[in-house]
Structures are given as C-alpha cells and as structure tokens.
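Sharing a structure with you now.
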Amino acid sequence: MEFWAFLASLMGVFAFFQSLINIVFPPDLRFASAKLLYRFCHCFSSSCYFDITETDGVNTNELYNAVQLYLSGSASVAASRLSLSRPLNSSAFTFGLANNDRLVDTFHGATATWEHVVTQRQSQAFLWRPLPDEKRGFTLMIKKKDKPLILQAYLEHIMDTATLLRRSNQDRLLYNNSRGGAMDFRVHPWESVPFKHPSTFQTLAMDQIKKEAIMADLKDFAEREVFYQRTGRAWKRGYLLYGPPGTGKSSMIAAMANYLNYDVYDLELSEVHTNSELRKLLMRTTSKSIIVIEDIDCSINLTNRSSGLKKAMPLYDSTFGSDDANAAKKTITLSGLLNFTDGLWSCCGNERIFVFTTNHIEKLDPALVRSGRMDMHICMSYCSYEALKTLMQNYLSPGDIELDHEGENVELLKELEEVINGVDITPADVSEILTKNRRRKKRDAMAELLEVLKNRAKNKGRGGGSLMAFEKENEEEEQEKRALGKPKGR
Ligand SMILES: Nc1ncnc2c1ncn2[C@@H]1O[C@H](COP(=O)(O)OP(=O)(O)OP(=O)(O)O)[C@@H](O)[C@H]1O
Ligand SMILES: [Mg+2]
C-alpha cells in the first residue's frame with residue numbers, strides 16, 4: 001500500500017514538473033534546452049559537432065547548399081532512403097539525404113558523419129515574408145583529433161565539388177532585373193530563365209579574322225586567372241559592340257556566352273533607380289557570367305560625367321533638399337555606372353565580362369569606353385561577302401558553299417559578291433530573305449537575294465561605294481576625338 005502511495009506521489013511530482021516546464025519554456029526554448037543537454041553530454045565525447053543551418057540569419061547559407069549538393073553525389077550510392085528533386089532550371093535530378101537520416105563520408109582517411117536535421121518551426125506571428133515551416137540543417141560529426149587536420153580542407157573540398165556539380169547539373173541561365181526589387185533585401189533582384197540561345201561563333205556571320213581575334217581574346221581571358229592575379233588586375237573584361245540595328249550584336253553576346261559556358265545577366269538600366277541599386281545588382285551576380293547592358297546610349301542620359309558626379313553628391317548641390325535634389329538622388333549617373341564596371345565593387349566575384357551595345361558609339365562619353373572599362377571595341381557592320389557565305393551556309397546549304405564556285409551557281413555567286421560590296425544590307429535582312437526562301441531551290445533563293453540587292457543598289461547608292469561605310473564613319477569620328485585630345489580606349 002505504502003509503495004502505491006509513493007508511486008502516486010512520484011507521478012504527481014513528475015506531472016507537476018512537466019507542466020511547469022511547459023509553462024516556463026515555450027516550445028522553441030524546449031527544443032533549445034534539449035539541444036543544450038545533448039551538447040552537454042557530448043562534451044565528454046571524443047567527437048565534435050558542427051551545425052550548418054539552411055539560413056544564416058536572413059541570408060541563405062551557401063555552405064548548406066554546397067553540402068546538400070556534395071552529399072547528393074555520395075548519397076546516390078550510399079544511402080537507402082533518399083529525397084529526390086529536380087532544381088529549377090536544371091536538367092539533372094538531385095538526390096538528397098532524407099529528413100533526419102545519416103550518411104558516412106570519408107576524407108583523407110578520416111570519417112565524417114552527416115545528419116540531415118529537420119525540425120518544425122514554431123507558429124509564426126505575422127511576417128512580411130513568412131519563413132518556411134521547417135528548419136533545416138546538417139550536423140557534421142568528426143573525431144576531435146581529426147578536426148585540425150581535415151576540417152578546413154574538407155569544407156573547401158565540399159565547396160569546390162559543389163561548384164563543379166552545380167555547373168555540370170545546371171543549364172546556363174539568363175537573368176534579368178525587370179521585376180525591380182533591388183532595394184528589398186528579401187527579394188532576389190534577378191529573375192532567371194534557362195539560357196537557350198542557339199547562336200554560336202560558327203553561325204555568326206562576320207569577318208573571319210575579326211571573329212577569330214574575339215574568340216582568342218575570350219579564351220585568353222577565361223584561362224588567365226594567374227595573370228590577372230599577378231598583375232593586380234580585377235579578373236574582368238569589357239567589350240563594346242557597336243553597329244547598326246540587325247548586324248548581330250545580340251547574337252554575338254549569345255555566341256560569347258555559349259563559347260565560354262557563362263550565364264548572362266541582361267541588365268535593364270531603366271529599371272534601376274539609384275546608384276546603390278546598381279551596386280546591389282552587381283553584388284548579386286555570380287562568377288563566370290556576362291553582364292550585358294544593351295543600347296547603352298538609349299538607356300539613360302550618360303553624356304556628362306561631371307554632371308553625374310554632381311547628382312551623385314547632393315550635399316554639394318545648391319538644390320539639396322528640394323524636389324530636384326530628391327529626383328537627382330533617384331537617378332543613376334554616369335559615375336555610378338563607371339563604378340559599376342570599374343570601381344572597387346566591380347571585383348566582388350570573379351571572371352566576369354561586361355558587354356555594352358550601342359547603335360551610336362559617338363554618343364557615348366569617352367570615360368565609358370576607355371580601355372580597362374571597354375577593353376575591346378567591336379564593330380558589327382553591314383553584310384560583307386564573307387558574312388553572306390556564312391549566312392548561306394546556315395540557311396541554305398549544310399555542305400560547303402565553296403563547292404558552288406565550281407557548280408551551277410558560280411555565276412550567281414560572282415554577281416552576289418560584286419553587288420553586296422556596294423549595298424548596305426544587314427545580316428538580319430539577308431537572314432530574313434534566306435529564311436523566306438529556304439524551301440525553294442538554293443539557286444532560286446540566291447537569285448531572289450541578288451534581285452533584292454540590285455534593287456537596293458539602284459535605289460540607294462552607298463556614297464563612294466565603300467564596303468564598310470559605317471565602320472569608316474565611326475573610325476573617322478574616333479580619330480577626330482583623339483585629335484582633340486580626348487581619351488579613347490581600344
Ligand atoms: N552577324 C550575324 N550573323 C548571323 N545572324 C545575324 C547576324 N546579324 C543579325 N543576324 C540575324 O538577325 C537577327 C537580329 O540580329 P541581332 O538581334 O543580333 O541584331 P542586333 O545588332 O542586336 O540589333 P539591334 O541593334 O536592333 O539590337 C538575329 O536573330 C539573327 O538571326
Ligand atoms: Mg540587339
């Protein structure tokens with residue numbers, strides 16, 4: 001009897017303490033105290049533990065994503081229960097460690113045990129952007145004696161492997177900033193879609209020597225990390241593409257991205273309201289990418305650097321505090337753009353290419369196009385005979401167009417060569433004519449093209465008959481600038 005009374009009172013005490021704990025510790029603290037107890041017990045163990053949570057405060061923890069990807073490589077063979085996913089924009093499936101499951105990995109002879117810890121988050125008060133219902137993290141367990149030997153190298157190995165896996169799994173992306181949000185730290189300012197543009201240097205119609213020079217320059221850039229390091233230069237390069245509409249500037253950008261396997265960030269300047277927004281966008285770009293600003297002359301008024309400086313520093317502006325000054329603060333300025341491409345911020349991240357395009361190089365401020373910012377100026381010009389041959393090969397003949405010099409089309413080709421040298425026709429126009437006629441016989445398509453060219457030559461001469469009138473015009477303008485002592489980058 002006494003025994004039963006003792007047991008009943010013991011249970012009463014237990015129930016009392018349990019309800020006390022429930023009242024004093026809210027669910028989240030309960031979890032923390034359990035964790036604390038767990039840690040305490042492990043103080044005397046020979047292992048040490050590292051928690052890698054999914055978010056680090058408000059930001060995504062890159063290491064968490066890297067570990068997930070890294071383990072997906074070993075998880076696919078070693079674990080018996082896996083979670084499967086296909087990340088957005090990826091063409092590959094990713095295996096993952098199931099919730100609260102474990103996996104053992106070895107590195108340099110040491111054993112590392114990973115556990116994927118998933119816990120429920122307590123109900124959230126009203127938040128602007130609600131957090132996910134679950135808290136996720138990995139716990140790494142290694143022997144204390146191995147920690148100084150392997151931890152740093154192991155984590156670096158994980159990051160490197162994850163980068164490689166990401167690049168091989170993920171299709172390249174085309175980002176744009178048209179939804180705004182650069183000032184809202186919770187919203188990623190870039191939106192992405194898979195980059196599938198089919199343009200390559202092989203399909204690009206332009207002067208062969210120029211094409212090879214550009215390819216060599218790109219390759220050289222991508223392979224010379226050590227050179228950039230040694231010379232103290234930021235590992236970035238700028239290309240300015242200029243020429244009339246329809247001469248292949250955008251196609252060239254796609255060809256560059258396909259050649260180097262880089263992502264493309266298409267920056268819409270009209271969506272950016274301040275210099276600091278511009279900087280934030282830059283900070284959220286990744287390495288191995290091409291940052292493009294198309295039609296730079298039309299995007300914003302970028303003609304005068306000093307006026308830009310004045311706008312960028314409203315403290316020295318007599319209109320400070322007025323509506324004008326506030327409006328000035330809300331614009332991006334030339335100096336902001338120069339800092340974007342060339343300032344200290346431009347080197348956060350590596351291996352980046354800036355490409356600006358314009359139809360009017362003469363409208364650009366010399367500061368914007370000087371060497372170091374725009375290292376290579378590329379004129380995309382009207383269709384030459386050489387470019388025409390590439391286009392005919394793309395659209396009409398999968399074989400070698402040169403064969404036609406001996407075949408039935410030899411006369412037509414000769415005529416085309418003579419006429420095209422005196423006509424301003426863009427590769428886009430030629431492509432359109434060839435596309436329209438692609439179902440016809442090759443000879444008929446060439447005859448139609450010849451007719452169009454002859455009509456154009458009749459209606460509008462080319463002033464002296466020079467082939468690259470546009471290129472020449474621009475060269476003369478640049479020479480004029482040099483004569484006036486203005487800087488010029490090439
Ligand atoms: N050099 C070229 N080689 C191959 N195709 C070309 C070339 N130029 C133009 N094209 C064809 O014309 C189309 C339009 O070209 P693209 O958009 O690259 O011209 P653009 O110079 O960027 O014009 P814009 O200045 O109007 O932006 C392309 O989709 C492509 O089919
Ligand atoms: Mg374009």
Side-chain angles (χ1 to χ4, degrees), residues 174-178 195-215 218 238-259 264-271 290-300 302 353-364 369 374 376-398 401 416 420-421 423-438 445-446 448-449 452-453 456 467-471 473-474:
L174 170 65
Y175 294 88
N176 85 36
N177 62 313
S178 58
F195 180 72
K196 303 272 187 201
H197 202 298
S199 174
T200 62
F201 276 108
Q202 208 186 346
T203 60
L204 201 63
M206 66 185 291
D207 179 51
Q208 190 59 26
I209 295 173
K210 226 165 48 175
K211 194 194 284 189
E212 278 166 15
I214 297 163
M215 287 166 78
L218 288 168
Y239 295 87
L240 175 73
L241 308 182
Y242 65 99
T247 48
K249 296 180 291 299
S250 305
S251 310
M252 164 71 86
I253 295 168
M256 285 173 159
N258 286 331
Y259 183 61
V264 177
Y265 287 86
D266 187 8
L267 179 63
E268 187 65 57
L269 270 191
S270 53
E271 291 290 333
I290 302 183
I291 299 166
V292 179
I293 304 181
E294 291 250 41
D295 298 319
I296 181 97
D297 54 299
C298 310
S299 305
I300 44 170
L302 293 171
I353 289 178
F354 290 90
V355 180
F356 292 175
T357 74
T358 179
N359 297 141
H360 302 282
I361 192 174
E362 73 285 354
K363 285 191 187 169
L364 301 183
V369 295
M374 295 295 115
M376 202 173 183
H377 295 190
I378 302 165
C379 178
M380 301 301 290
S381 194
Y382 292 115
C383 197
S384 63
Y385 179 61
E386 206 175 353
L388 175 66
K389 282 199 292 187
T390 309
L391 290 176
M392 294 212 299
Q393 220 158 23
N394 293 349
Y395 289 89
L396 300 179
S397 144
I401 201 80
L416 278 172
I420 204 163
N421 283 348
V423 177
D424 284 348
I425 188 163
T426 60
D429 286 343
V430 174
S431 304
E432 190 49 38
I433 296 166
L434 296 179
T435 307
K436 263 198 307 202
N437 290 285
R438 71 189 184 283
M446 285 163 74
E448 163 119 13
L449 178 63
V452 173
L453 289 175
R456 286 207 184 190
L467 169 67
M468 300 291 174
F470 180 85
E471 200 166 6
E473 226 172 73
N474 278 297

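We count ligands from 1, going down the list as the structure has it; atoms in each ligand are counted the same way. The figures here come from the full heavy-atom set of this structure, side chains too, leaving out hydrogens, waters and symmetry mates.
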Heavy-atom distance under 4.5 Å between the side chains of M446 and L396, does that happen here?
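They are in side-chain contact.
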Please work out whether any backbone atom (N, CA, C, O) or any side-chain heavy atom from C-beta onward of N359 is under 4.0 Å from ligand 1, and answer side chain, backbone, both or neither.
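Just the side chain.
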Return the closest protein heavy atom for atom 26 (O) of ligand 1 as residue, atom name and distance.
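For atom 26 (O) of ligand 1, the nearest protein heavy atom comes out as P245 CB, 3.5 Å.
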Is any side-chain heavy atom of C379 closer than 4.5 Å to a side-chain heavy atom of K210?
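Yes, side chains in contact.
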Is ligand 1 under 4.0 Å from a heavy atom in the side chain of Y395, in the backbone, in both, or in neither?
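Side chain only; the backbone of Y395 stays clear of ligand 1.
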Any idea which protein heavy atom is nearest atom 7 (C) of ligand 1, and the distance to it?
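Result for atom 7 (C) of ligand 1: P427 CB, 3.4 Å.
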Considering only the protein, which heavy-atom contact is closest to atom 25 (O) of ligand 1, and what is its distance?
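Checked against all protein heavy atoms, atom 25 (O) of ligand 1 sits closest to K249 NZ, 2.8 Å.
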Below 30° counts as parallel, above 60° as perpendicular, anything between as tilted: where do the rings of Y259 and F201 land?
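The rings of Y259 and F201 stand perpendicular, inter-plane angle above 60°.
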The test is side chain to side chain contact (heavy atoms under 4.5 Å, CB included); show your working for M256 and Y239 and say whether it passes.
CA-CA 11 Å; M256 285 173 159; Y239 295 87; 3.8 Å; yes
What I'd like to find out is whether the side chain of L364 reaches to under 4.5 Å of the side chain of D297, using heavy atoms alone.
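Touching, per the 4.5 Å side-chain cut-off.
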Looking only at protein heavy atoms, which one is nearest to atom 14 (C) of ligand 1, and how far off is it?
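The answer is A428 CB, 4.1 Å.
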Do the side chain of N258 and the main chain of S199 share a donor and acceptor less than 3.5 angstrom apart?
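Pair found, side chain donor or acceptor close to backbone of S199.
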Evaluate the side chain to side chain contact (heavy atoms under 4.5 Å, CB included) criterion for residues H197 and I253: first the C-alpha distance (whole Å), next the side-chain angles of each, then the deciding distance (0.1 Å), finally the verdict.
CA-CA 10 Å; H197 202 298; I253 295 168; over 6 Å; no
Any N/O/S of T357 under 2.8 Å from the Mg ion (ligand 2)?
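Checking the Mg ion (ligand 2) against T357, no N, O or S atom falls under 2.8 Å.
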Hey, which atoms in ligand 1 end up nearer than 4.0 Å to a heavy atom of L204?
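Those qualifying, in numeric order: 3 (N).
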Atom 3 (N) of ligand 1: which protein heavy atom is closest, and how many Å away?
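Sorting protein heavy atoms by distance from atom 3 (N) of ligand 1 puts A205 N, 2.7 Å first.
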I need the atoms of ligand 1 closer than 4.0 Å to a non-hydrogen atom of S251, numbered in the order shown.
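Selected atoms, number and element: 15 (O), 16 (P), 18 (O), 28 (C), 30 (C).
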Which protein non-hydrogen atom lies closest to atom 19 (O) of ligand 1, naming both residue and atom, and how far is it?
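Its nearest protein heavy-atom neighbour is G248 N, 3.4 Å.
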Top protein contact for atom 27 (O) of ligand 1, by heavy-atom distance:
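Its nearest protein heavy-atom neighbour is S250 OG, 4.0 Å.
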Can you tell me if N394 and T203 form a side-chain donor-acceptor pair at under 3.5 Å?
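Per modelled atom types, N394 and T203 side chains form no pair under 3.5 Å.
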pair M252-I214: side-chain heavy atoms closer than 4.5 Å
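Of all side-chain heavy-atom pairs linking I214 with M252, at least one is under 4.5 Å.
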Among all the protein's non-hydrogen atoms, which is closest to atom 23 (O) of ligand 1, and how far away is it?
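The closest one turns out to be G246 N, 2.9 Å.
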Can you tell me which portion of S431 lies within the under-4.0 Å heavy-atom range of ligand 1? Options are side chain, backbone, both, or neither.
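Looking at S431 and ligand 1, just side chain atoms fall under 4.0 Å.
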For ligand 1, indicate whether the residue L391 contacts it via side chain, backbone, both or neither (heavy-atom separation under 4.0 Å).
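It is the side chain that touches ligand 1; the backbone stays farther off.
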Run the side chain to side chain contact (heavy atoms under 4.5 Å, CB included) test on V430 and L449 for me, step by step, so that the C-alpha distance in whole Å, both residues' side-chain angles and the decisive distance to 0.1 Å come before the verdict.
CA-CA 7 Å; V430 174; L449 178 63; 4.3 Å; yes
So is T247 polar-close to ligand 1, meaning N/O to N/O under 3.5 Å?
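Yes; at least one N/O pair falls below 3.5 Å.
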